[in-house]
Each structure stands twice: as C-alpha cells, then as structure tokens.
Amino acid sequence: MHEKFMARAIEIAGESIDQPGTLPYGAVVVLNGEVVGEGLNRAEATCDPTSHGEVDAIRDACAKLSVSSLKGADLYTSGEPCAMCVATMYQAGIARLFYAADAADSGAFFGRLVVHDPKWARAMNNQKLREQVGLPVVERSMVSEQMMVADIVAVFEAFIERHT
C-alpha cells in the first residue's frame, strides 16, 4: 500500500517536467487509507516561497476536509522535506512521513539545476535552514527585534475575554 501512495507523490512530481514554475517535489496526505490532499512545489509559478509540495498537500487536505488538524495522517513526498515543511507537518498533526529522495539527492539536483539556470538558486540551502530555525531567535543570522509586547498582550486578553 505504501508504494501506491509514494508512486502518486512521484507522479505528481513528474508533472513539473512540463509545468513552468514548478519543481519535482510532489506530495500526498493519506488519512484512513485514502488520499485526502495533493501538492506540487509551485513556488516560482505562484511567487510564493511557501508553496512546497508538502505544504500544498496539507493545505489541500485541510481545505477538502474543512479542518486545521490532520492528526494521525501520513504524508508521502518525493523528497525529504525542508524545515518549513517539517514544521508544517508537525503543526498539522501528521503522524508519519515517507519520502523518496533524501537531502543529498535534492542538493545534487539543485546543484545541477542552478548551473543551467541561476534563477533556481536558493537564498539558503536546506542544511543551513535546519540549523537556523533550531536556534533561539537571538542567535539566528536574521536580525530580529521584539517590540510592542504590551499592545499584543492586550489583544490576546481581549480575544480570551470574547471567546471564553
């Protein structure tokens, strides 16, 4: 059964060969033995850097099921997910991950792709991304500044008052 779902993720990835602005990263979300969401990396086509196959498959599944939790679902993807996709999977409650290409395979793919067309170069490779998101905010390479804490805490309090 796993092979059937992985084959579908790879089939979706294959659609990128003839679709401008897409990359060969396809994914499916499976719940109770049924595909409930599908996605393809359309980041370039949509000008949306979060449009990765895994994230789009999760969005598709949540929209189709009218839920924000996919607790217990499996995700099958053509490539080992980046840190953003893994975080999204945890937020959505994905229980198990199955992937085809690993990070080294993807790195080699991007290395060859960028040689032919520099537009595909990424601001940060997946290894650096994993390192950065795991650091406390004050240790990241991205400059960060906390501000207006009291203002947002007041909004939080008003929300709780209204919704409890």
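These numbers come from a predicted model, not from an experiment.
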I'd like to check [X] versus [Y] (side-chain heavy atoms, cut-off strictly below 4.5 Å). Are they in contact?
X	Y	result
P24	I17	no
L23	L113	yes
E131	K128	yes
R59	T50	yes
C85	V55	yes
L65	L31	yes
M89	I58	yes

Notebook entry, point to check: How are the rings of Y25 and F109 set relative to one another: parallel (under 30°), tilted (30 to 60°) or perpendicular (over 60°)?
Noted result: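 The rings of Y25 and F109 stand perpendicular, inter-plane angle above 60°.
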
Margin query: Does the plane of the ring in H2 sit parallel, tilted or perpendicular to the ring in Y76? Use 30° and 60° as the thresholds.
Written below: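 Rings of H2 and Y76: tilted, 30 to 60°.
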
Notebook entry, point to check: Above 12 or not: heavy atoms from other molecules or residues under 6.0 Å from CD of E139?
Noted result: yes

Item checked: Q19, CD: over 12 other non-hydrogen atoms inside 6.0 angstrom -> yes

Look at the side-chain heavy atoms of Ile, Leu, Val, Met, Phe, Trp and Tyr, link any pair under 4.5 Å apart, and say whether [X] and [Y] land in one connected group.
X	Y	result
M6	V30	yes
I10	F98	yes
V155	M148	no
I94	V86	no

Any donor-acceptor pair under 3.5 Å linking the side chain of [X] with the backbone of [Y]?
X	Y	value
N41	A43	yes
D60	E38	yes
S106	A103	no
T22	E15	no
S78	G26	yes

Note to self: Can you tell whether the side chains of E80 and R130 come within less than 4.0 Å, N to carboxylate O?
What the structure shows: yes

For [X] and [Y], which heavy atoms make the closest approach, and how far apart are they?
X	Y	value
F5	V28	O-CG2, 3.6 Å
R42	T46	O-OG1, 2.7 Å
C82	L129	CB-CD2, 4.2 Å
E54	T77	OE2-OG1, 2.8 Å
A13	L40	CA-CD1, 4.0 Å
L70	V67	CD2-CG2, 4.0 Å

Item checked: Distance in Å, L135 CG paired with R140 CZ, rounded so as to fall on 0.5 Å steps ->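 L135 CG to R140 CZ: 7.0 Å, rounded to 0.5 Å.
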
Checklist line | Point-to-point distance, once rounded to the nearest 0.5 Å, from CZ of R8 to CD1 of I12 | finding: 4.0 Å

Item checked: Trace of the side chain to side chain donor-acceptor pair (under 3.5 Å) decision for Q132 with S141 -> CA-CA 7 Å; Q132 286 295 307; S141 63; 3.1 Å; yes

